[in-house]
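Atoms within each ligand, like the ligands themselves, are counted from 1 in listed order. Since the model is a prediction, treat every value here as computed from it, not as a measurement.
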Amino acid sequence: MEKEQAVDRQDFDEVMVPCYAPMQIVPVKGQGSTVWDQDGRDYIDFAGGIAVSCLGHCHPVMVKALTAQAEQLWHVSNVMTNEPALRLARLLTEHSFADKVFFANSGAEANEAALKLARRYAADVYGPEKSEIIAFTQGFHGRTFFTVTVGGQAAYSDGFGPKPGDVTHLPYNDLETLAAHMSSRTCAVMMEPLQGEGGIIAPDPAFVQGVRDLCDQHNALLVFDEVQTGNGRTGEFYAYQGLGVTPDILSTAKSLGGGFPIGAMLTTTALAEHLKVGTHGSTYGGNPLACAVAEAVVRTVTEPDFLAGVKAREQWFRDALQAINAQYPIFSEIRGKGLLLGAALNAEWKGRARDVLQAAGAEGVMVLVAGADVVRFTPSLAITKAEFDEGMARLSRAIGTLYTQQMDKTA
Ligand SMILES: *Cc1c(COP(=O)(O)O)cnc(C)c1O
């Protein structure tokens with residue numbers, strides 16, 4: 001075999017579309033919650049590839065499932081079905097409200113399917129006037145043109161010409177405004193059961209129940225985007241299970257594949273009927289490799305005690321972040337659920353989440369941001385205590401350095 005070509009971060013600027021601004025390090029290996037870069041430096045991973053690597057890197061159950069399937073069957077397209085897809089669909093329906101599953105390759109595609117199903121159902125049952133999609137400001141639903149338009153940040157959806165129509169954005173957690181706006185024209189309400197990209201914003205329980213009631217009252221479908229919250233992330237298998245409100249359609253991706261690209265839309269038999277043969281599809285959707293890995297991930301996450309472990313780890317994070325904050329007060333609150341946590345910066349530190357991320361990287365710990373004011377943590381749901389302690393020691397040093405610099409500046 002030919003020797004692999006040497007590449008580094010510089011190549012990104014030369015040959016990649018500049019829609020990302022990746023960090024300077026280039027990771028080459030991961031194990032558990034530790035990642036190594038090209039220079040052999042190690043990093044503790046509190047980011048989990050943005051809520052994806054739910055079992056950490058190269059978990060043995062995923063490696064085993066992937067390599068076994070790799071020697072069996074890679075792809076058949078949806079002209080045929082396949083065993084891993086059928087097994088995964090069985091598993092997902094056993095562990096959720098859903099009776100039916102549609103497989104896609106990403107969160108955006110799962111949401112695209114959800115929106116198309118909602119529109120098709122409303123058109124079939126109530127007629128073409130019932131097309132309004134209501135979603136919430138600061139919501140995030142992906143980057144296809146339909147999903148980015150439904151997402152509540154104009155900065156992401158503007159500048160690409162005419163948008164898909166009849167999409168309304170209303171404030172999250174504001175039941176009165178929603179009640180005043182909804183009508184017989186409302187086709188669906190799409191929401192995250194905990195806003196992730198928008199800043200780790202939890203819904204009031206009364207809001208979630210109220211949205212469900214309003215949807216029932218107006219014959220509108222409730223769509224939960226659980227792309228970030230799903231597959232154990234919040235300490236429930238799906239977040240709706242901890243809210244006491246069941247959606248009509250649910251989208252899932254990110255942690256579903258634990259690092260292998262897959263997404264899925266879950267729904268009921270009555271709704272699924274409206275996606276008849278030929279109405280929707282995806283070449284790679286239900287790919288055997290992806291489904292085999294996801295099956296291993298879902299089996300692990302739904303084992304007894306696994307979710308209790310997520311809740312225990314949430315407490316580790318909350319306690320450690322509070323302790324850092326007691327020493328270097330930069331946070332106003334620690335919020336979120338399970339291992340989808342946000343540390344919101346206080347008034348003096350507003351707008352500096354990226355500085356914290358950079359300082360953390362320099363000390364060898366990876367964190368995320370959610371907007372300019374929130375440091376976000378979406379680590380492996382199986383992170384060990386030793387990895388956690390090391391990561392928090394590094395984060396504490398990083399924040400200590402920033403804090404001291406700031407004190408020196410203002411002194
Ligand atoms: C990440 C995310 C998406 C988009 O998922 P992709 O796999 O990037 O398409 C959609 N919705 C939510 C809530 C997300 O967090």
Side-chain angles (χ1 to χ4, degrees), residues 17 19-20 22 47-54 102-118 133-153 155-157 164 167 169 172-173 188-203 208 211 222-234 236 238-240 243 247 249-266 282 284-287 290-291 293-294 297 336-342 368-371 374 376-379 381:
V17 168
C19 63
Y20 307 111
I50 318 189
V52 165
S53 307
C54 61
F102 172 83
F103 287 119
N105 312 292
S106 67
E109 285 176 60
N111 283 331
E112 188 83 20
L115 291 165
K116 284 178 72 178
L117 170 57
I133 307 283
I134 297 178
F136 298 100
T137 46
Q138 300 308 315
F140 184 78
H141 301 298
R143 300 286 198 149
T144 65
F145 207 14
F146 198 173
T147 58
V148 84
T149 301
V150 172
Q153 296 192 54
Y156 292 162
S157 55
V167 176
H169 295 104
Y172 197 65
N173 270 335
V189 176
M190 180 177 249
M191 65 182 281
E192 294 161 86
L194 191 160
Q195 286 192 331
E197 303 299 311
I200 315 295
I201 313 289
V208 187
V211 176
L222 178 56
V223 183
F224 272 7
D225 177 346
E226 293 233 28
V227 170
Q228 190 149 172
T229 54
N231 302 288
R233 181 59 50 190
T234 66
E236 316 286 339
Y238 283 113
Y240 83 84
L243 290 170
I249 304 175
L250 181 154
S251 58
T252 174
K254 288 200 166 103
S255 286
L256 178 60
F260 203 98
I262 183 169
M265 175 193 72
L266 313 185
S282 159
Y284 264 119
N287 170 270
C291 290
V293 175
V297 170
K337 202 170 175 204
L339 291 175
L340 178 47
L341 294 171
L368 295 170
V369 301
V374 178
R376 177 170 38 155
F377 301 87
T378 56
L381 307 181

**Student:** Go through the structure and list residues passing side-chain hydrogen bond (donor to acceptor under 3.5 Å, both in side chains) with Glu236, not counting sequence neighbours.
**Tutor:**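 Result, side-chain hydrogen bond (donor to acceptor under 3.5 Å, both in side chains) vs Glu236: none returned.
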**Student:** Could you check Gln195, Glu192, Glu197 and say which one makes a side-chain hydrogen bond (donor to acceptor under 3.5 Å, both in side chains) with Gln228?
**Tutor:**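 That would be Glu197.
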**Student:** Which atoms form the tightest heavy-atom contact between Met190 and Val150, and what is the distance?
**Tutor:**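 What the structure gives for the nearest pair is SD-CG1, 3.8 Å.
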**Student:** Under a 4.0 Å heavy-atom cut-off, what residues line ligand 1?
**Tutor:** Ser106, Gly107, Ala108, Asn111, Phe140, His141, Gly142, Glu192, Asp225, Val227, Gln228, Lys254
**Student:** Can any side-chain N or O of His169 pair as donor or acceptor with the backbone N or O of Gly151 at less than 3.5 Å?
**Tutor:**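 Present.
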**Student:** Closer than 3.5 angstrom, by distance alone: can the side chain of Ser251 be matched with the main-chain N or O of Asn111 as a donor-acceptor pair?
**Tutor:** no
**Student:** Please say which of Val223, Thr149, Leu115 ends up in a side-chain contact (heavy atoms from CB on, under 4.5 Å) with Ile133.
**Tutor:** Leu115
